[in-house]
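Below you'll find the structure, written out as structure tokens, and then a few comments.
If you're wondering where the values come from, they're calculated on a predicted model, not measured in any experiment. Remember, it's 1-based here, ligands and their atoms both numbered in the order they're listed.
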Amino acid sequence: MEKLIITAAICGAEVTKEQNKNVPYTIEEISNEAEMAYKSGASIIHLHVRYDDGTPTQDINRYKACIEEISKKCPDVIIQPSTGGAIGMSNEERLQPLNLNPEMATLDCGTCNFGGDDIFINTENTIIEFAKSMNNKGIKPELECFDKGMVDMALTLNNKAIIKSPMHFNFILGVPGAISANGQNLLFLVQSIPKNSTFTITGVGRNQFYMAAIAIAIGGHVRVGFEDNLYLSKGILANSNGELVEKVVRIANELGREIAKPDEARKILGLL
Ligand code: KMH
Ligand code: ZN
């Protein structure tokens with residue numbers, strides 16, 4: 001089996017210090033969280049940024065400052081900015097970090113409910129616009145699929161050569177209003193993508209670690225982090241993203257799956 005790529009989604013746009021005081025906001029906090037995740041075994045940092053008061057932003061200058069600081073602390077890590085941003089942001093706002101020419105970025109493949117009254121909007125035209133922008137800049141998209149219809153959208157755009165092969169998917173299971181997290185759903189998603197694709201599994205909330213265990217067992221890759229889950233185990237808040245990554249490493253060790261270093265992850269994902 002290929003080595004395991006661990007992505008740390010260290011900050012997200014929605015979680016707050018009120019929920020877990022260790023959620024990072026400042027550049028210092030974000031880069032420290034990235035460093036702890038990297039030292040624990042993460043080869044990709046999925047990056048959202050905040051202003052110091054916690055407000056999510058896609059401001060290119062804030063991204064630039066965070067990326068510079070993360071790169072100082074984790075010189076070879078793959079930094080994957082979000083183009084999802086936060087609910088309600090315009091496409092123009094969301095696209096800003098692409099102008100920093102990262103190796104990868106997220107490409108959200110459809111619209112879904114996002115808890116309460118929130119709707120995460122990604123129309124077909126938005127997806128095409130974002131995909132073309134990444135193609136023009138040579139940025140590899142991570143295809144964020146919160147539901148099966150989003151996988152089908154990615155496959156349709158791949159047939160039209162708007163999304164290039166080999167594709168890399170991130171299946172996110174457990175967002176309220178999108179596909180729920182269980183083994184059957186996970187396998188349904190995995191079985192629907194071309195054989196030459198790679199995939200990461202993200203289990204939201206309490207689903208994080210058993211979804212990770214299935215991903216490790218079947219040859220997928222894993223994303224963990226405060227963006228998706230704030231707890232190390234039931235009722236115990238995580239002290240850092242590093243702790244969440246360490247737990248994945250422990251599970252992988254038990255199952256005999258080695259952990260990819262960033263350059264090994266680059267090879268697996270075709271970034272080199
Ligand atoms: N914050 C969510 C609305 C991404 O990073 O591309 C969307 C999100 C997906 O986090
Ligand atoms: Zn994200």
Protein heavy-atom partner closest to atom 4 (C) of ligand 1 - residue, atom, separation in Å: Ser82 OG, 3.3 Å
Common cluster, Val224/Ile216, ILVMFWY with side-chain heavy-atom separation under 4.5 Å: yes
Which ligand 1 atoms, with their elements, are less than 4.0 angstrom from a heavy-atom of Thr106? 4 (C), 5 (O), 6 (O)
Around atom 9 (C) of ligand 1, find the nearest protein heavy atom and jot down its residue, atom name and distance. Asp108 OD1, 3.3 Å
Testing Thr200, Thr202, Thr7, Asp108 one by one against Asn170 for a side chain to side chain donor-acceptor pair (under 3.5 Å), which residue passes? Thr202
Compare every heavy atom of Thr26 with every heavy atom of Arg62, then report the nearest pair and how far apart it is. NH2-CA, 3.8 Å
Tell me whether Arg250 is salt-bridged to Glu254, with the criterion being a basic N under 4.0 Å from an acidic carboxylate O. no
Within 4.0 Å of some non-hydrogen atom of His46, the atoms of ligand 1 are 5 (O)
Please step through side chain to side chain donor-acceptor pair (under 3.5 Å) for the pair Asn185 and Lys148, ending with a clear verdict. CA-CA 9 Å; Asn185 285 347; Lys148 173 63 164 65; over 6 Å; no
To check you understand the geometry: which heavy-atom pair defines the closest contact between Ile10 and Ile45, and what is its length? CD1-CG2, 3.8 Å
Identify the closest protein heavy atom to atom 10 (O) of ligand 1: which residue and atom is it, and at what distance? Glu227 OE2, 2.9 Å
Quick one: pull up CD1 in Ile119 and CZ in Phe114 and give me the separation to the nearest 0.5 Å. 12.0 Å
Atom of Phe209, atom of Leu232 and distance for their closest heavy-atom approach: CE1-O, 3.6 Å
How close does the nearest protein non-hydrogen atom get to atom 3 (C) of ligand 1, and which residue and atom is it? Glu14 OE2, 3.4 Å
Sort by chain and number the protein N/O/S atoms found under 2.8 Å from the Zn ion (ligand 2). His46 NE2, His48 NE2, Glu227 OE2
Would you say ligand 1 has an N or O under 3.5 Å from any N or O of Glu144? no
Determine whether Thr123 and Asn125 satisfy the following criterion, side chain to side chain donor-acceptor pair (under 3.5 Å), listing intermediate values before the conclusion. CA-CA 5 Å; Thr123 65; Asn125 288 345; 5.4 Å; no
Salt bridge (Lys or Arg N to Asp or Glu O under 4.0 Å), that's the test. Do Glu68 and Lys64 meet it? Break it down for me. CA-CA 6 Å; Glu68 277 170 10; Lys64 188 164 184 283; 3.2 Å; yes
Report, in ascending order of atom number, the atoms of ligand 1 lying under 4.0 Å from any heavy atom of Gly84. 4 (C), 6 (O)
Students should be able to answer this: which protein heavy-atom is nearest to atom 7 (C) of ligand 1, and at what distance? Phe120 CZ, 3.4 Å
Shortest non-hydrogen contact between Leu173 and Ser180, atoms and distance: CD2-O, 3.6 Å
Check if Gly85 has a non-hydrogen atom at a distance under 4.0 Å from any atom of ligand 1. yes
